[in-house]
Enquirer: 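Following this message is one structure expressed as structure tokens.
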Amino acid sequence: MSDYYIEFHKKEFIRPLELSNKGKYYRDIANIDHSFSGRIDTMINTFIMEAAQQLINSIELFEMGYFDCAYYSLRSAVDVSTTMVFLTDMPDEDRDKYLEDWKDTKHFPMQGQILKMLSDEGDVFSDMKENMPTFFNEAKELCQKLNKYVHKQGLRHFYVSRNHPINMKKPQDVFISNFEYFLKKCIGVVAVMRLAGDPFPILLMDEDFLLRCFDSMTEAYTQEFVDEYIGKDTVEEYKRTSLCEGTYYAIIENEKKSYATFNVMKHWLIDRKEMADILPQLHLLSTVDVVSVLLVNSCNKIAKVHANGGLMMFHTELETNRKELSWNSMDFIEFAKNANKYNQQYDEAYISVFRCLNDDYCAEHNELLDDEDIAKIIGALKEYEEKQIEQEKN
């Protein structure tokens, strides 16, 4: 069989297309991809990433011309998000068994069974379904329509019909806009189903809540994303669920952080000009955060603080002289091992290692530290260390 014959039949009924809004869809899907959950009792983050990847796959497949596969990927994204809810919302005594069965590809409920079991036994899902009837009715209708493509019901869902030479010259605007409609709807469904795990993508949109919250790994949905893919009414209905209300009231009474304190916690940014706001709120920060703040506050020569073997890097308003942007955690381990802890050469800058509460902190600075600088830093860290030890005794 000739290569020409193979190539001809491979492409005979395939019609590649271009989505002019592809870049926007990728950026919007990132809202889902970045909505990692801090829950450790399930594999929720794996499912979030998989659902996002399936949405991306649908775009790529559609542009390549494999439109039925594109619609399958859309349906798969919805199915993955539904399975995610199932594995997070089942009663504790059942969850582990279902999760193991899923991992080992043993007998596992089909989508229809999953939805029924969630409605009957899932506390979060049943509560969401009760409070958000319009969303779930539309999601059900969406899946029914997607199935027409997946199961190829109707000639318009056949390659040999839609892409027949007779139809190849017809404008594709309607076909493209139809796919984009389903893509947007599926993005919305996955985004809402993600909220069955925890409400932080929505709650963190509220700045007052954000500044009272702990350091969450979750990124908030953008307002533009919510407006386009979820809708104001659906969000307001979701906020009435027990999960969302309970989480909100559990955190909203916490002390509100200043922007400067929040930046230390969330963005590892320590601005000396904001110390008047940061220092009174040290009790709201982690030990690593506090020690790093004390280092920076004790010496205006420090540009960065590297903690946890370089895994955490706190910046200041002072730029380092070091030109190389990359770093190696082994460098910081070696700096800590050096008998001479202070003023170690680090390319165009210097590293000085200070120890507090059995952990090493590498301060990066542009100028050499003198004896007075070192003594001041050691004094501040020792005072903090003694207070912490005393608190633990009490």
Side-chain angles (χ1 to χ4, degrees), residues 25 28-29 31-32 35 44 47-48 50-55 57-59 62 67-90 98 102 108-154 156-157 177-199 201-202 221 225-244:
Y25 293 134
D28 292 342
I29 292 171
N31 276 265
I32 298 171
S35 67
I44 182 172
F47 284 90
I48 291 171
E50 183 67 15
Q53 184 62 54
Q54 288 286 54
L55 293 169
N57 290 352
S58 71
I59 295 172
F62 185 80
F67 69 89
D68 59 341
C69 298
Y71 279 92
Y72 167 78
S73 286
L74 291 179
R75 176 58 197 263
S76 180
V78 174
D79 290 348
V80 166
S81 65
T82 306
T83 303
M84 172 186 70
V85 176
F86 180 75
L87 293 174
T88 58
D89 198 26
M90 278 292 96
Y98 282 121
W102 180 85
F108 195 79
M110 302 296 288
Q111 286 298 306
Q113 295 173 299
I114 285 177
L115 290 171
K116 185 179 186 308
M117 294 172 71
L118 281 171
S119 298
D120 296 339
E121 304 175 49
D123 292 336
V124 175
F125 183 86
S126 58
D127 187 34
M128 288 177 65
K129 193 173 180 181
E130 181 178 345
N131 282 281
M132 305 161 64
T134 301
F135 166 80
F136 282 97
N137 287 336
E138 290 180 351
K140 181 179 180 180
E141 183 180 347
L142 173 69
C143 289
Q144 291 173 343
K145 290 179 178 179
L146 287 173
N147 282 341
K148 304 299 181 183
Y149 286 88
V150 173
H151 300 303
K152 290 192 169 292
Q153 182 180 344
R156 64 181 179 276
H157 299 142
S177 63
N178 192 53
F179 172 75
E180 291 182 317
Y181 166 82
F182 282 106
L183 173 62
K184 290 178 182 179
K185 287 293 185 181
C186 288
I187 291 174
V189 169
V190 173
V192 172
M193 297 297 273
R194 155 66 184 87
L195 299 176
D198 66 61
I202 292 295
Y221 290 155
F225 178 82
V226 168
D227 291 343
E228 182 167 1
Y229 296 101
I230 300 177
K232 181 180 178 181
D233 291 343
T234 299
V235 169
E236 291 305 313
E237 290 172 350
Y238 174 74
K239 287 182 177 179
R240 293 197 289 268
T241 62
S242 297
L243 177 63
C244 192

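Since the structure is predicted, the reported quantities are computational estimates derived from the model, not experimental observations. Numbers here are sequence positions counted from 1.
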Enquirer: Please assess L55 against S73 for the test side chain to side chain contact (heavy atoms under 4.5 Å, CB included), listing each intermediate value before the final yes or no.
Expert: CA-CA 7 Å; L55 293 169; S73 286; over 6 Å; no
Enquirer: How long is the straight-line distance from CZ of F125 back to CG of L118, given to the nearest 0.5 Å?
Expert: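 Separation between the atoms: 5.0 Å.
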Enquirer: Between the side chain of D89 and the main-chain N/O of V124, is any donor-acceptor distance below 3.5 Å?
Expert: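 Looks like yes, one N/O pair under 3.5 Å.
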Enquirer: Evaluate the side-chain proximity of V192 to Y229: yes if any heavy-atom separation is below 4.5 Å, no if none is.
Expert: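 No, their side chains stay 4.5 Å or more apart.
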Enquirer: Do S35 side-chain atoms and I32 backbone N/O form a donor-acceptor pair below 3.5 Å?
Expert: yes
Enquirer: Would you say that D233 contacts F135 through its side chain, given a criterion of any heavy-atom pair below 4.5 Å between the two side chains?
Expert: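 Answer no - side chains too far apart.
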Enquirer: For the residue pair Y149 and Y71, does the interplanar ring angle fall in the parallel (under 30°), tilted (30 to 60°) or perpendicular (over 60°) class?
Expert: parallel
Enquirer: Does the gap between the ring centers of F62 and F67 come in under 6.0 Å?
Expert: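 Not under 6.0 Å, so no.
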Enquirer: Whether the side chain of N137 engages the backbone of P133 through a donor-acceptor N/O pair (distance < 3.5 Å, no angle test) should be reported.
Expert: yes
Enquirer: Answer yes or no: are there more than 12 heavy-atom neighbours, outside E130 itself, under 6.0 Å from its atom CD?
Expert: no
Enquirer: What's the spacing between E228 CD and K184 NZ if we round to 0.5 Å?
Expert: 5.0 Å
Enquirer: Does the side chain of M128 reach to within under 4.5 Å of the side chain of R240, using non-hydrogen atoms?
Expert: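 With C-beta onward as the side chain, the pair stays apart.
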Enquirer: Strictly by modelled atom types, are N147 and Q144 linked by a side-chain donor-acceptor pair under 3.5 Å?
Expert: no
Enquirer: When rounded to the nearest 0.5 angstrom, what distance separates CD1 in I202 from NZ in K239?
Expert: 7.0 Å
Enquirer: Begin from the C-alpha positions of Y25 and L183 and carry the test side chain to side chain contact (heavy atoms under 4.5 Å, CB included) through to its verdict.
Expert: CA-CA 9 Å; Y25 293 134; L183 173 62; 3.7 Å; yes
Enquirer: In terms of side-chain geometry, is the basic nitrogen of E141 or K145 positioned less than 4.0 Å from the acidic oxygen of its partner?
Expert: yes
Enquirer: Does some side-chain heavy atom of L146 sit less than 4.5 Å from a side-chain heavy atom of F182?
Expert: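 They are in side-chain contact.
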Enquirer: Can you confirm whether more than 12 heavy atoms, excluding those of Y72, are under 6.0 Å from its OH atom?
Expert: no
Enquirer: Taking only residues two or more places apart in sequence or in another chain, which ones pass salt bridge (Lys or Arg N to Asp or Glu O under 4.0 Å) with D127?
Expert: none
Enquirer: Go through the steps for S81 and R194 under the test side chain to side chain contact (heavy atoms under 4.5 Å, CB included), then give the verdict.
Expert: CA-CA 7 Å; S81 65; R194 155 66 184 87; over 6 Å; no
Enquirer: Would you check if the side chain of Y98 reaches a backbone N or O of F86 as a donor-acceptor pair within less than 3.5 Å?
Expert: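 Flag not set: sc Y98 to bb F86 has no pair under 3.5 Å.
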Enquirer: Let me see the working for T88 and F47 under side chain to side chain contact (heavy atoms under 4.5 Å, CB included), right down to the final yes or no.
Expert: CA-CA 11 Å; T88 58; F47 284 90; over 6 Å; no
Enquirer: Can you check whether I114 reaches M110 side chain to side chain, under 4.5 Å on heavy atoms?
Expert: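 No, side chains not in contact.
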Enquirer: Measure the shortest side-chain to side-chain distance between K185 and E138 over non-hydrogen atoms and say whether it is less than 4.5 angstrom.
Expert: yes
Enquirer: Any side-chain heavy atom of P201 sitting closer than 4.5 Å to one from V226?
Expert: no
Enquirer: Could you tell me whether the side chain of D120 and the main chain of M117 form a donor-acceptor pair under 3.5 Å?
Expert: no
Enquirer: Under 4.5 Å between any side-chain heavy atoms of F136 and K140, yes or no?
Expert: no
